[in-house]
Amino acid sequence: MRQSWQGLKWWVLGGLVLSLAGAGLLARQSLDTQRALFETDARIVHRLLSQQVVQHDAMLATLALLQPAAESSVGASFPEQRLPVLYSQILSVQRREPEQRWQDPRLTQAETRSRQTRRAALGALDLAAGRYQLVLAANPTSYALTIDVHAMVPWSEWPMQPDSSPVRVTLEHDGQRYVVQPGRAGDEQATRGWRFQAHKALAAESQPFDVAASLTVGWAQLPWGGMLAWVLAVGAVLAALRHLQAQRSARRRAEELLRLGQVARLNTLGELAAGMAHELNQPLTAVIANAQAAQRLLNDDPPDLSTARNAMLQAAAQGRRAAEVVGRLRQAVEHPDRNGQHQPVASVEAVRRALYLLEPECQRRNVEPELDAAHAVTVQADPVALDQIVHNLILNALQALEQRPAGERRLTLTVRAQGGNGEISVADNGPGIPPEVLPRLFEPFFSTRDGGLGLGLSLCETLAQGMGGALSAANAPHGGAVFRLQLPLAEGGLP
Ligand code: ADP
């Protein structure tokens with residue numbers, strides 16, 4: 001149970017990391033794109049507005065240049081008055097003749113500044129209303145333009161939809177501000193999210209306005225659809241992978257079980273045992289009957305020696321038959337075909353293989369096996385036989401543990417080197433082995449379990465002895481049974 005949760009935990013963690021990383025990347029990409037678009041728009045806005053204000057300088061300069069012609073036609077119409085007709089942002093053009101004074105003192109001050117700086121200067125400025133004046137001092141006549149900021153913006157070339165664009169654009173000077181386009185509502189106060197800003201002075205020193213653009217991208221503007229799709233895709237892919245892994249693991253386990261042939265083998269042995277019992281019964285009955293007959297014939301007066309001899313010959317023949325039957329059983333148990341296949345085997349690997357094969361059995365019984373293998377111990381063994389012994393011992397322990405409440409079941413496997421041997425012990429905290437059962441434990445066909453064959457431990461002992469080892473059983477001091485399998489260490493079996 002704990003193992004499967006452990007496995008799941010890593011999958012969930014991996015999924016979370018992948019989801020967060022992917023979603024973060026998508027959000028970042030979207031923000032980068034929005035920032036790039038914003039910066040492009042801000043640059044275009046600055047260029048367009050700069051072109052416009054530079055045009056005002058040019059208009060004033062042209063008016064100043066054209067003066068001699070205008071002077072020569074005193075009393076004629078003033079050509080500069082045609083400017084508001086041609087340019088919608090020019091609300092009016094005023095002129096000051098040499099002998100006149102400006103009506104507005106701000107124009108007088110602006111003209112003085114213009115004369116000092118030798119370029120146009122700002123007169124009255126009312127950015128809130130979208131108006132300002134631009135004065136150029138010239139001789140003999142000076143000129144002043146009154147400009148409408150809204151009409152100055154070249155809307156046909158504007159890169160954004162002024163009503164719906166989320167970008168806010170303002171023109172600022174001296175604490176005053178004209179809102180060219182308002183941007184997304186509440187943009188200025190927005191504190192949550194990401195804020196992009198661009199601030200730059202227009203390219204005309206006579207009209208020192210700053211053009212300010214800003215864009216706030218809130219959490220709501222992140223690409224949630226794409227991010228959600230990514231998270232779902234990660235979840236789906238990981239679920240599919242996990243499913244595939246579980247399937248592969250189950251298939252591998254089934255293949256291993258089949259390879260080991262443990263279950264099939266025990267069944268075969270069970271059938272064999274039933275057959276053997278039947279076959280043995282017959283010659284043994286015959287041996288007894290012949291021996292009794294010989295006894296009777298020898299007791300006769302005179303004793304019938306020849307018939308008695310015949311009966312004894314019969315008894316001996318039946319005895320040999322019985323021995324053959326037993327020999328066959330032994331052969332089947334001892335795997336003579338595998339003799340000579342002993343090789344160095346890592347004990348802990350045999351234990352792990354058996355635990356792996358019995359994982360479903362452990363889970364079904366709510367048992368979490370503990371493996372204590374501090375050192376690598378390599379023994380000289382037949383790997384298949386070793387697997388079978390460990391498998392049998394663990395299965396027996398699991399069966400014994402069924403008699404304990406589910407929460408208290410303990411199964412401990414220990415691998416260590418002990419007195420020149422490698423030792424694998426399987427300890428459980430089941431009911432233990434009653435004293436009267438202990439001496440008979442390794443007898444073939446001895447079983448206390450309903451439907452038990454009583455062949456498991458006897459087979460294990462035979463296999464252990466076949467590898468030059470030994471199998472022993474005992475009760476643990478604090479309850480439960482301990483089975484110890486000792487096998488000779490392989491050369492260099494200890495690290
Ligand atoms: P069976 O298949 O009948 O269980 P085994 O040879 O495997 O045959 O075991 C023989 C007997 O040994 C069992 O019936 C049981 O009484 C006893 N035994 C084996 N392992 C344990 C154990 N871990 N705890 C208590 N008794 C055990």
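Numbering of ligands and ligand atoms starts at 1, following listing order. Bear in mind that the values here come from a model prediction, so they are computed numbers and not experimental data. For the numbers below, each heavy atom of this structure counts, side chains included, while hydrogens, waters and symmetry mates do not.
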Phe196 side chain near Leu31 side chain, heavy-atom distance below 4.5 Å: yes
Arg449 N/O under 3.5 Å from ligand 1 N/O: yes
Side-chain donor-acceptor pair present, Arg484, Ser425, cut-off under 3.5 Å: no
Pair Gln181, Trp158: side-chain N/O donor-acceptor within cut-off below 3.5 Å: yes
Shortest non-hydrogen separation from [X] to [Y] and the atoms involved:
X      : Y      : result
Val379 : Gly422 : CG1-CA, 3.8 Å
Met160 : Val45  : CE-CG2, 3.6 Å
Ala481 : Asn475 : CA-OD1, 4.3 Å
Leu471 : Glu461 : CD2-N, 3.9 Å

Can we say [X] and [Y] salt-bridge, meaning some charged N sits less than 4.0 Å from an Asp/Glu carboxylate O?
X      : Y      : value
Arg365 : Glu402 : yes
Arg252 : Glu255 : no
Asp32  : Arg28  : yes

Which atoms of ligand 1 sit under 4.0 Å from any heavy atom of [X]?
X      : result
Ala481 : 22 (C), 23 (N), 24 (N)
Gly432 : 25 (C)
Ala400 : 22 (C), 23 (N), 24 (N)

Among protein heavy atoms, which lies nearest [atom], and at what distance?
atom                    : value
atom 26 (N) of ligand 1 : Ile433 CG1, 3.8 Å
atom 5 (P) of ligand 1  : Leu457 N, 3.7 Å
atom 7 (O) of ligand 1  : Asn396 ND2, 2.9 Å
atom 15 (C) of ligand 1 : Thr448 OG1, 3.4 Å
atom 23 (N) of ligand 1 : Asp428 OD2, 2.9 Å
atom 10 (C) of ligand 1 : Phe446 O, 3.4 Å
atom 3 (O) of ligand 1  : Ser447 OG, 2.4 Å

Leu393 contact mode with ligand 1 (heavy-atom cut-off under 4.0 Å): neither
Contact with ligand 1 for Phe483, non-hydrogen, under 4.0 angstrom: yes
Heavy atom of Gly454, distance to ligand 1 below 4.0 Å: yes
Options Val437, Asn429, Leu441, ranked by nearest heavy atom to atom 18 (N) of ligand 1, top entry: Leu441
